[in-house]
Amino acid sequence: MRCPTCIKLGLPAIYFCGKECFTKAWPTHKLLHTLLTSSGPSTNISFSHSSTSAADERFAGFPFTGRLRPGVVSPMRTVPSHIPKPDYAETGEPESENQFKRGSMAIEVHTPAQIAVLREASIISRQALDLAGSMIRPGITTDEIDRAVHDFIVSKGAYPSPLNYREFPKSCCTSINEAICHGIPDSRPLEEGDICNVDVSVYYKGYHGDVNDTFFVGEVSPEAQKLVQVTYEALEEAIKIVKPGRLYRDIGQVISKHVSKHGYSVVRTYCGHGVGALFHTSPNVPHYAKNKAVGVMKPGHVFTIEPMINLGDFKDTTWPDDWTSVTRDGKLSAQFEHTMVVTETGVEVLTARTAKSYPYPWLK
């Protein structure tokens, strides 16, 4: 069926599979009427559910693996001109990263002065993530969360690293239920029982900080809570082995050993990464066992560990928005991430939790 209000307003054709489908999508779909009539058809949005239109036909007939559907994506937010920006802020293309990949790709050893700035960027990232966590509740949209994160980061004189990185349209990533990572904030209201990962990265004084947590939306199922807790524990276990002389490939062994005891699987498509003046750099840090990661940890190395753990199979697929990665079997996925630096004696977690961080029940 076709939306009768769209017909009346002369908007592009948007189709639904039936009355029940239309009724369920209405809270999100009705936002299109305001956006398109006030901003015109050039507004940068994505349509909810299985829409087909002249503006965006990417999701027409797409075989979604689970219950999650895309909502309306509002226009890209702006950053004041006085705030220093990464090289991709205007063009969408991280040329410095591209050049690095064409070179030796050696792991950088950061100086104490560089680490001090990385610590500042990471603290802002943590503060922004804690703000997002405090907003999580049924009924709020991920677009509202994105706006709050964006405004907070900008208020600190920093730039939200995801914004226009390889043309990503938002200032943080919000990945719900079967979404593994890189979910685009939109108009979909969070629902009771959802789990929602928020991934926040900040560019400050020329350096990036990167962190994410998975949050509970209201009361979640025991199955969902256990998955999130085990994912949290897997990251903590991995951090324990970080010290000079340790192989980066060992991290995947530790994570896989912990999650496999619970019957979960580790996503293989995405990995942790070096972070510094570049958003993504060496080393690569796979989270699964028997990987072929190259490198030995040395003092001054700064990188992320960010395991993505699936309730079912480890395989993933990507939505037609070219960003949202979801489980291929439609089952839940959870993730946690920290940025850390290798010290002379072990590790310092630069994005460490604070008293204002989300109160997970197992930490009480």
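Side chains included, hydrogens not; waters and symmetry mates left out as well; all remaining heavy atoms used.
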- Item | Other residues, nucleotides, ligands: >12 heavy atoms within 6.0 Å of E236 CD | yes
- Query: Excluding sequence neighbours, so at least two apart, what forms salt bridge (charged side-chain N to carboxylate O under 4.0 Å, His left out) with D316?
  - Reply: none
- Is it the case that more than 12 heavy atoms not belonging to K156 sit under 6.0 Å from its NZ atom? no
- Hey, is R166 close enough to E93 for a salt bridge, meaning N to O under 4.0 Å? yes
- Message: Run the salt bridge (charged side-chain N to carboxylate O under 4.0 Å, His left out) test against R246 and tell me which residues pass, sequence neighbours left out.
- Response: D250
- Query: Do the ring planes of Y88 and Y159 sit parallel (below 30°), tilted (30 to 60°) or perpendicular (above 60°)?
  - Reply: perpendicular
- Taking atom CD1 of I176 and atom CG of L190, what is their separation to the nearest 0.5 Å? 5.0 Å
- Message: Do T214 and Y232 make a side-chain contact, defined as non-hydrogen atoms from C-beta onward lying under 4.5 Å apart?
- Response: no
- Task: Ignoring hydrogens and angles, tell me if any N or O in the side chain of S265 forms a donor-acceptor pair with the backbone of G312 under 3.5 Å.
- Result: yes
- Query: For the residue pair H208 and F279, does the interplanar ring angle fall in the parallel (under 30°), tilted (30 to 60°) or perpendicular (over 60°) class?
  - Reply: parallel
- Residues passing the side-chain contact (heavy atoms from CB on, under 4.5 Å) test with A116, sequence neighbours excluded, are R119
- Item | Pair Q335-Y270, side-chain donor/acceptor within less than 3.5 Å | no
- In this structure, CD of E306 is separated from CG of N212 (nearest 0.5 Å) by 6.5 Å
- Task: Supply the atom-to-atom distance I195 CD1 to F216 CZ, rounded to the nearest 0.5 angstrom.
- Result: 7.5 Å
- Query: What pairs of residues pass the side-chain hydrogen bond (donor to acceptor under 3.5 Å, both in side chains) test when at least one of them lies in residues 290-302, not counting sequence neighbours?
  - Reply: Y248-H301
- Residues in salt bridge (charged side-chain N to carboxylate O under 4.0 Å, His left out) contact with E95, at least two apart in sequence or another chain: none
- Salt bridge check: are R147 and E144 linked by an N-O gap of less than 4.0 Å? no
- Item | Check ion pair R69-D186 (N to O, under 4.0 angstrom) | no
- Test side chain to side chain donor-acceptor pair (under 3.5 Å) on D210 and T304 and set out the steps. CA-CA 7 Å; D210 197 359; T304 72; 5.1 Å; no
- Message: Students often mix this up, so state it plainly: with edges at 30° and 60°, are the rings of F62 and F59 parallel, tilted or perpendicular?
- Response: perpendicular
- Query: Any side-chain heavy atom of P160 within less than 4.5 Å of one from V79?
  - Reply: yes
- Message: Strictly below 4.0 Å, N to O, side chains only: are K170 and D143 in salt-bridge contact?
- Response: yes
- Among residues two or more places apart or on two chains, list those pairs meeting side-chain hydrogen bond (donor to acceptor under 3.5 Å, both in side chains) that have a residue in residues 215-229. Q229-E233
- Message: For a 4.5 angstrom cut-off between non-hydrogen side-chain atoms, does I255 reach Y288?
- Response: no
- Item | Student check: side-chain heavy atoms of T231 and L235 closer than 4.5 Å | no
